[in-house]
S.K.: 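Here's a structure for you.
Proteins get letters first, then strands, A, B, ... in listed order; numbering begins at 1 in each.
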2 protein chains.
Amino acid sequence: MRPDANDMPEFTPRQNAVLEQALRLLVEGGEKALTTSGLARAANCSKESLYKWFGDREGLLSAMIAHQAAKVRTHERSGERLTADLLREHLELFARDLLEVLAGDVSLALNRLSIGQSGPGGSKLGKLLLEHGRRQIDRRAMALIDQGKRAGLLRFENADAAYHTLYGLIVSDLHVRMLLGEPGLRDNARQAERAVDAFLTLHGTQKQSADAPRVSAGR
Amino acid sequence: MRPDANDMPEFTPRQNAVLEQALRLLVEGGEKALTTSGLARAANCSKESLYKWFGDREGLLSAMIAHQAAKVRTHERSGERLTADLLREHLELFARDLLEVLAGDVSLALNRLSIGQSGPGGSKLGKLLLEHGRRQIDRRAMALIDQGKRAGLLRFENADAAYHTLYGLIVSDLHVRMLLGEPGLRDNARQAERAVDAFLTLHGTQKQSADAPRVSAGR
DNA sequence: ATTCTTGCGTACCGTACGGTACGGTTCCGT
DNA sequence: ACGGAACCGTACCGTACGGTACGCAAGAAT
């Protein structure tokens, strides 16, 4: 892959640089710091260009979401044959990645922005964030647990329900807490391990650690 | 208990009425609709009184959170002797109540407000909402699972971790989705039942429905 | 060289907000 | 009956935002 190949079809490099500045402002100062004048000043561009490129403020916010989503690509090279240990390893990797993504500065800032903008009727931003932000993660996890089932390592009726169970076990109320300003976990890996343990106890086909503690990482 | 005994020490009835109007405005129109002028008009009071009573805008928001929290009281009359069925019943009731509370208009609006106001450093609002809003629910659930353990019906090392597991199984990512504008579940009871099933499979001391479907509520 | 495009910098406009000040009214204590 | 506190309605102020308009410089095309 060419290192400077720009896969993002939406915007020119200049516009991407502006969006990067917009994200920086948003992360550093919250929504109130993301003003058209401030962005123009920070990105060395004119307000007129902003409106020419993104239409209006909501267009800018949408572009920021799309830009950020395009930056996060999930590696889904999982052609290998699955064993129980391999499945567990992949699940824990997914859990750690998920926790890391959710705790990221930009993710939190964008979620705060969309939620703050969101009303009872559901804003465009919310839909967009859910669609762009979650699709990658969802697909990766669904593919993984589907593979686990086909390999006879997992057992469930509804893949969607099983995925939601896994998600809940991993994240619990941590996401909302962080959105409200609380600091994240001190050890994501530990949480990931516990969540996968529980998930395999619920949906695994082999004896899990529920009774006998696992050999690794003695607590 | 006297029917009009006002347990809220913070505010006078008049002020509570104003706060009620403020919540109404917030629920109906989002944060942008909650303006001092608008509230004064809707509540038939003067802006001067608003600032006299609540100090400034943040004081008003804090007062709204406290007011709403004071309205939600959890009945914790659980002196009865616990059996396995009773524990399950109480857990499911808790789950249903939790889902109902989180999906409530006022709860969603206040959470959106606090999150939107929240920066990286954590705002006063976020802390306040977490403290006032979660304490009741947390205490009720912790008391319940603690009782379950003492009765020999539950098994876990860390009560806090077990509670977070329960919470995650019940809520998953539903809260964030609703905050972003998605509609809630169609059947909270079903979700509650599944979550409690899973929780008891993980932490119960008796054979659960993991292999044999329960007799009640055939899916 | 001339034109045309692009976009920067700045000035500007209307609006709406948070917060304050003031006159008039109601009500309560004395 | 009188005085003062509480409070309503409205007008007001400074500010800062989203969005628009204009002047000018730099680069490409012809």
Side-chain angles (χ1 to χ4, degrees), chain A residues 6 10-65 67 109-110 112-114 116-119 123-125, chain B residues 6 10-65 67 109-110 112-114 116-119 123-125:
Chain A
N6 217 327
E10 303 267 27
F11 310 111
T12 72
R14 173 69 174 130
Q15 290 164 10
N16 281 325
V18 171
L19 291 176
E20 207 62 36
Q21 287 297 314
L23 284 177
R24 192 177 62 81
L25 286 181
L26 180 66
V27 166
E28 289 178 0
E31 178 184 356
K32 67 178 181 58
L34 183 57
T35 162
T36 52
S37 311
L39 176 57
R41 209 174 309 120
N44 286 328
C45 72
S46 76
K47 289 170 68 172
E48 194 168 13
S49 301
L50 291 181
Y51 286 101
K52 178 178 210 109
W53 293 333
F54 307 111
D56 58 359
R57 193 167 193 268
E58 183 170 318
L60 172 67
L61 304 182
S62 302
M64 289 169 64
I65 292 178
H67 171 69
L110 280 178
R112 288 201 187 99
L113 178 68
S114 298
Q117 220 71 14
S118 215
S123 70
K124 295 289 176 204
L125 275 302
Chain B
N6 217 326
E10 304 267 26
F11 310 111
T12 73
R14 172 73 175 125
Q15 289 164 12
N16 281 324
V18 170
L19 291 175
E20 206 61 36
Q21 286 298 315
L23 286 177
R24 193 176 62 82
L25 286 180
L26 180 66
V27 166
E28 290 179 358
E31 179 185 356
K32 66 178 181 58
L34 183 59
T35 162
T36 51
S37 311
L39 176 57
R41 209 174 309 122
N44 286 328
C45 73
S46 76
K47 290 171 66 171
E48 195 169 12
S49 301
L50 291 181
Y51 285 101
K52 179 179 208 109
W53 293 333
F54 307 110
D56 59 358
R57 190 165 196 268
E58 183 170 318
L60 172 67
L61 304 182
S62 303
M64 289 169 62
I65 291 178
H67 171 69
L110 280 178
R112 288 201 189 100
L113 178 67
S114 299
Q117 220 70 16
S118 212
S123 69
K124 295 291 176 204
L125 275 301

S.K.: Using 0.5 Å steps for rounding, measure from the CG atom of L19(A) to the CG atom of L60(A).
M.R.: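 L19(A) CG to L60(A) CG: 6.5 Å, rounded to 0.5 Å.
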S.K.: For dC8(D), take OP1 and OP2 only and decide whether either is under 4.0 Å from a side-chain N or O of R14(B).
M.R.: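 Checking R14(B) against dC8(D): at least one side-chain N or O falls below 4.0 Å of OP1 or OP2.
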S.K.: Which atom names give the shortest non-hydrogen contact between R112(B) and S118(A), and what distance separates them?
M.R.: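 Nearest heavy atoms, R112(B) then S118(A): CD-O, 3.1 Å.
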S.K.: Quick check: closest heavy atoms across W53(A) and V18(A), and the distance to 0.1 Å?
M.R.: CZ3-CG2, 3.9 Å
S.K.: NA contact type, R41(B), heavy-atom cut-off 4.0 Å: base, sugar-phosphate, or nothing?
M.R.: nothing
S.K.: Between P on dC7(D) and CG on L39(B), what's the gap in Å once rounded to a whole number?
M.R.: 15 Å
S.K.: Check this for me, if you would: do R24(B) and E28(B) make a salt bridge, where the nitrogen-to-carboxylate-oxygen distance has to be below 4.0 angstrom?
M.R.: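 Yes, charged N to carboxylate O under 4.0 Å.
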S.K.: Taking OP1 and OP2 of dT6(C), is either one under 4.0 Å from a side-chain nitrogen or oxygen of W53(A)?
M.R.: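 For dT6(C), neither OP1 nor OP2 has a side-chain N or O of W53(A) closer than 4.0 Å.
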S.K.: Suppose we screen for side chain to side chain donor-acceptor pair (under 3.5 Å). Which residues come up paired with S62(B), at least two apart in sequence or across chains?
M.R.: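 For S62(B), no residue satisfies side chain to side chain donor-acceptor pair (under 3.5 Å) once neighbours in sequence are set aside.
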S.K.: Between C1' on dT10(D) and CG on N44(B), what's the gap in Å once rounded to a whole number?
M.R.: 14 Å
S.K.: Indicate for each nucleotide in nucleotides 13-22 of chain C, in 5' to 3' sequence, whether protein heavy atoms under 4.0 Å reach the base (B), only the sugar-phosphate (S), or nothing (-).
M.R.: ----SBBBBB
S.K.: Is the count of non-hydrogen atoms from other residues, nucleotides or ligands lying under 6.0 Å from R14(A) atom CZ greater than 12?
M.R.: yes
